[in-house]
Each structure stands twice: as C-alpha cells, then as structure tokens.
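Worksheet: one structure, shown below.
So you know, we letter chains A, B, ... as the sequences are listed, proteins then strands, and number each from 1. Computed from heavy atoms alone, side chains included, the values below leave out hydrogens, waters and symmetry copies.
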Amino acid sequence: MRLSRYLFSTSKESSKEAEHLSHKLMLRAGLIKRFAAGVYCFLPFGYRVLAKISSLIEDEMDRIEGQRLLLPFLQPADLWKKSGRWENYGEELVRFEDRKGAEFALGPTHEEMITQLVKEEISSYKRLPLILYQIQTKFRDELRPRGGVIRAREFLMKDAYSFCRNEEELVSVYQLIKKAYEKIFSRCGLDCRVVKADTGPIGGKLSEEFIALANSGEDKIVQCEHCGCVAKLEKAEYESLEEAQAELEPMKEVSTPNTRTVREVSQFLHCRPGDILKTIFYQTEKGLIAALIRGDHQINEAKLQALLKVKKIEIAGNNSIKKEIGVEPGFTGPVGLDKYPLIADNTVMKSRNLVAGANRKDTHLLNVNAGRDFQPTIIGDIGFPLSGDLCRVCKSRMEVRRGIEIGHLFQLGEIYSRSLKATFLDEKGKENYFVMGCYGIGVSRLPAAIIEQNHDSQGIIWPPEIAPFQTMVIPTLEKMFKVAQEVCQDLKDQGVETLWDDRDLSAGVKFNDADLVGIPFKVIAGDTFLKEGKIEIKTRREAKVEKVKKNMISQRMKELIQDAKQ
RNA sequence: CGGGAUGUAGCGCAGCCUGGUUUAGCGCGCCUGCCUCGGGUGCAGGAGGUCGUGGGUUCAAAUCCCGCCAUCCCGACCA
C-alpha cells in the first residue's frame, strides 16, 4: 500500500480534547476521530488494530470451542421487560420507538438475547456446555464519557456467554475462559491483574475483572507487595499502620480560626493529616449519622452503607449540619455528639491523641481518644486504603495503582434463564434452568490500554501481533523510490503486511511518522544501499539496525516477525 | 447530577480585561515553485474564518450582558 494514498494524518500536537497519553497518541497517530462525546470512528490504522485484536480473540476462543455469532444491536423491549431490566437498567439504556410505536433499545449488553436464542435452540443436556460469543457494537449512554475510547458511549465489545448443566460445570468453563482471556491479553502485550469485582446491573454471584495497569486508568486497585493480593480499591480490606502506643494526653481546646479542611488544620497546628480525626455527616433514612475517619483517609460510602444496613446514604449539606449540630462543617467532632450514631473507622480506633473539631466555631480539640472521650456506636472498615496501608492477609505494605478494566467475568447462575424460562432436559428427563456465565472484553478500549503500556517519547510501540502493519518501507532518497517499491512488492508477495512511504518528504519526517504510528519494523532504502547494496531493517522497540541484502529481505523479515511473536 | 474550565481556519493558540487601523492575526498542517535529502529541512508565493449559537446593549460587538448548545477535566455513577 502506498502511504500517499492511505487515509491517515499525523500531527505534532493533539487536540485539546485529549488528556490521557493513549488518547493523545491515538489522535496524533491518526487512529481515531471523534464525532460526538464518546462516539469515535476508527480510521484505517485504528481499524486494522481492532481487526488484529478480533482475530486474536477468535483464535483463542476457537481453542476452547467457543462459537462466534452475531446478535442484533437493536433489541426488542419485550425481552428486557421479561428480565426486568427495562425498568432497572437506568438511563444508560437508550430506549426508543420505531415508526409503528414498537419499543426498542440499543444493546448495552446481550444476556437477554443470547438466553432467548439458546432457549429456542437447545433442549438437551447432550449439547452442553456451550460457549457462544460475538464481537459487537454496544451503546451505553454514559454520564460522562472520558479518556477517548477508554470510556466511550458507542464501543466495540467481545461478549461471551456460557451455558452449563450445573454450577460445577459452570465453574470449570469459567476457569477455561479465564485462562483463554489471560492468553488473549498477554498476546496483546498487556500486563494485567485479576481482581474481585462488583456484579453491578449484570447480576450473579462471583465476578472478576481484568485490570490493565495504567497511570491514566479510571479504576484504582491495591496490590500487596508481598503476597501479591490484588483488589479493587472500593472492595479492598486493609489495616492501617499500628500507631506507637503513645500515652493518652489530656484533652485540650485550641483556637483554630478559619481552619476548616484537614489540610488547613494540619498546616495550622503543624501536624500530619493522619493525626486529625475527620467527622463527616451523612443523611440516611434512619436519620443523621456521623462517620469518623482519620484525616488522611477517604470514606467509602458503599462500605459505610453496608455497615449501617441502610438503603439511602447521602452526604449531609452544610445547612442541615449547621442546624442540627450548631456549627459549620470543619469544626465538628465526636466529643459530646452522643445524640447521633458515631461510626468509627478502624483507623480511628488505632490512633492516639487525635485532633478533632470541638463543635464550636474556630475551635478544635487536641488529644482526642476513642473510648475515653467518645464512644463509637459502630466500629468497622468504612474507608478506602492508601498506599502504605497493610494487607489483611500478610500484613505487608500495599500499593494503590491505577488501571483500565479490559475484561469482566461473571458467574451468572440462573438469573436470566429463570426470568426468560430457558430450560433443558437432563439425563433423567427433568427440566433444568441453564446455568450461565458471561465474559466481556472491551475490544475498542484495548488499543488504549496497550498504548498506555507500550509507548515511548516517539509514539506507539505495537506488539507485532497487533500492529496495523508489520513493516514500513522507507526510501530516504528520491532515486531509491524504485528499489523501495520492489522491496515492498516482494514483502507483500511473501505475505508481510507492508506500507511503502512514497511521499516526497525528508527522511526524518518519514521515520518519525513510522515511529509515531508504531510500525514494528522500518525497512530503509537509502545511502546504505548505494554504498553497500544493502537494505536496513530497524526495529521500533529496541531501535536495532540490521543490514540485509535486497533479495534476502522478505525471508529475513518473516523470521524477525516470527521471533517477535514468541 | 455537583464542582472547574473552554468554544476564533483541519490542529494548537493570540486578540476579549480597556468595544472602533483588525480587510480578524500567529505557529503547525495543506496547495504551487525552487532548495534540501538518514530523524519533524530552508526560501518564496498561495488557499482556507457564519469568531459555538440565539438574543440584548451600543453609532459600532470576536470583545460587554443574558439564555442556550457543545466539548474537556475532577467527583458522583459505571460490565
């Protein structure tokens, strides 16, 4: 393919719509273009990467006898009404009527549809277990699309579904698919972690996520440096460092004019944020409660809600706090607040001589101690861990890291087969509900994750298996164009995916473009050919140069590609 | 949905505060010609704009005021 006719353009600067590195590089390298918030088109380079990922997925799914199919993007409402999700899925589900007034949704996921299909097609245990999957466009009307293709509204997803006879079979199929996913991600050049996850609106019992480590990822995980335990931040259990067993000092009032936030108080009193006791009020259906946590930690409202066993939890407004407590937030504290349930985080119980609000304007208390100065109603884990907190299992230091969710596995059980009455006959002729699992991969988000982990200052470094093209043939002199064309033809004849940079530009521009786009091998025809009769092959990642005779190029290239895939 | 910010050429920006020499500029990119030819090359010429949108103020609006829309970031939310 001649580059002069290829639909791509590179730029030195990315448009300001991008914040994340992968997003910037995808725009600069001409992989994607945005048409609306969270709606992107994949230009030829970008699309080729998606196609590579798709065929790699197909390859690994073939090995475990997964069968690819394609379900409709447009889904009739009645299936969703049967499963109950027409009402429950929320605003992310785009609903509309056709010209006859029939109700439809744009598929955000396909459990209903696949269950209906299998219900109609399969009636005997002899045909189980069954693994079906598709690679399909989904639409979810996200509150806030972000990070380019990382959280788009329209996106490409690979979703697999398993149908089993019983729980035991589900567990083994689940493990099989989990292994296949590990291979897929590793072939994509991704370093990822498996973490326990929430089941969300999909439902089910066990759920795990694959998280690709990336600084710009939107998910946070904690990882134990010693035992390797990984968990999502919001699910992570932890212990805070044991405080030295300091003597309990007598409580003392201090004047702290205009110091409301933890930072202001710690600066004013020259103490660490961790020496402060933060009191945060929440409104619940059972009334106002006060959550107590150390100043350096954040409250995890989900944990707090679970601990309190309440349905509604909402941070209390400034006005209601002023009315109930008699002081503005920032000077509130647990001492003398016996009227309200005090929910203390474990970290508070372990700390001594904390600084807390005195429930009086511009005043804090020094040396506040749980048990002596106030009695918590409930003690528990209501916070998010920080780097440096300790692992519950092995008591080693944990690190908070960011990542991108690239895969999500669910053991669904019988949720959907029951709601859609999908059954099969077992060996005794008895009717059973299918025991289901579902397994997603965020295909269109994968390029971003891969770029986050595979780039340098020059641009993208695609692992050869998913690079849009394997090689870029670059003539550096005009009189080398013909040689370059011949080399390109030779490579193409030998099945190597090749672009030929026939543009009338300086060599430097061509090198930079090839590097930005991430082509694994540059095949350079220039001075070296004139002097030594040899063509150069330069690798993208290591920048290693190898000189090869012209008639040996395609053979050598095939070897290099083969090596790179292993 | 809460907080913050931005809309001026394909992209990045200046101009706005203090309205009028601004026929709205600059850099990149694009087109033409010459030069250069191994890491974003030099020179010359050129094309390209409803200043997001609707209204208002004014003799006069990119500039001031109000509404709306769009986009981005943080949070909430989320396979």
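Sequence order on RNA chain B of the closest nucleotides to A:Ile441 and A:Arg153 puts A:Arg153 first from the 5' end. RNA chain B is contacted by both A:Asp159 and A:Lys220; A:Lys220 maps to the nucleotide lying nearer its 5′ end (nearest heavy atom per residue).
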A correct 5'-to-3' footprint of nucleotides 28-40 of chain B, with B, S and - meaning base, sugar-phosphate only and no protein heavy atom under 4.0 Å, is S--------SBBB

Readout for nucleotides 43-53 of chain B: B = base within 4.0 Å of protein heavy atom, S = sugar-phosphate only, - = neither; 5' to 3' it is -----------

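The distance between atom CD1 of A:Ile299 and atom P of B:G75, rounded to the nearest whole Å, is 17 Å. A straight line from CG of A:Leu143 to C1' of B:C1 spans 7 Å, rounded to a whole angstrom.
For the pair A:Lys178 and A:Glu182, the salt-bridge criterion is not met [side-chain N within less than 4.0 Å of a carboxylate O].
Between B:C65 and B:C73, the two C1' atoms lie 28 Å apart (nearest whole Å).
Residues meeting the salt bridge (charged side-chain N to carboxylate O under 4.0 Å, His left out) test with A:Asp141, sequence neighbours left out: A:Arg153.
Residue A:Phe155 is in base contact, counting any heavy-atom pair closer than 4.0 Å across all strands shown. Across all strands shown, A:Gly147 has heavy atoms under 4.0 Å from sugar-phosphate atoms exclusively, and none from any base. Residue contacts shown for A:Lys510 are absent, as no nucleic acid heavy atom lies under 4.0 Å away.
For A:Arg151 against B:C78, a side-chain-to-base donor-acceptor contact under 3.5 Å is present.
Under 3.5 Å, the side chains of A:Tyr439 and A:Ser162 contain a donor-acceptor pair of N or O atoms. When only modelled atom types and interatomic distance are considered, A:Lys278 and A:His297 share no side-chain donor-acceptor pair under 3.5 Å. For the 3.5 Å distance criterion, the side chains of A:Glu452 and A:His20 fail to qualify, holding no donor opposite an acceptor.
By the 4.5 Å heavy-atom criterion applied to side chains, A:Val548 and A:Val523 are not counted as neighbours.
In the displayed structure, A:Lys81 atom NZ is contacted under 6.0 Å by more than 12 heavy atoms of other residues, nucleotides or ligands.
For A:Arg146 and B:C73, the shortest distance from a side-chain N or O to OP1 or OP2 is not below 4.0 Å.
A salt bridge (charged side-chain N to carboxylate O under 4.0 Å, His left out) with A:Arg151 holds for exactly one of A:Glu92, A:Glu405, A:Glu142; it is A:Glu142. Of the candidates A:Tyr6, A:Phe8, A:Phe521, A:Phe469 forms a ring-ring contact (aromatic ring centres under 6.0 Å, His included) with just one, namely A:Tyr6.
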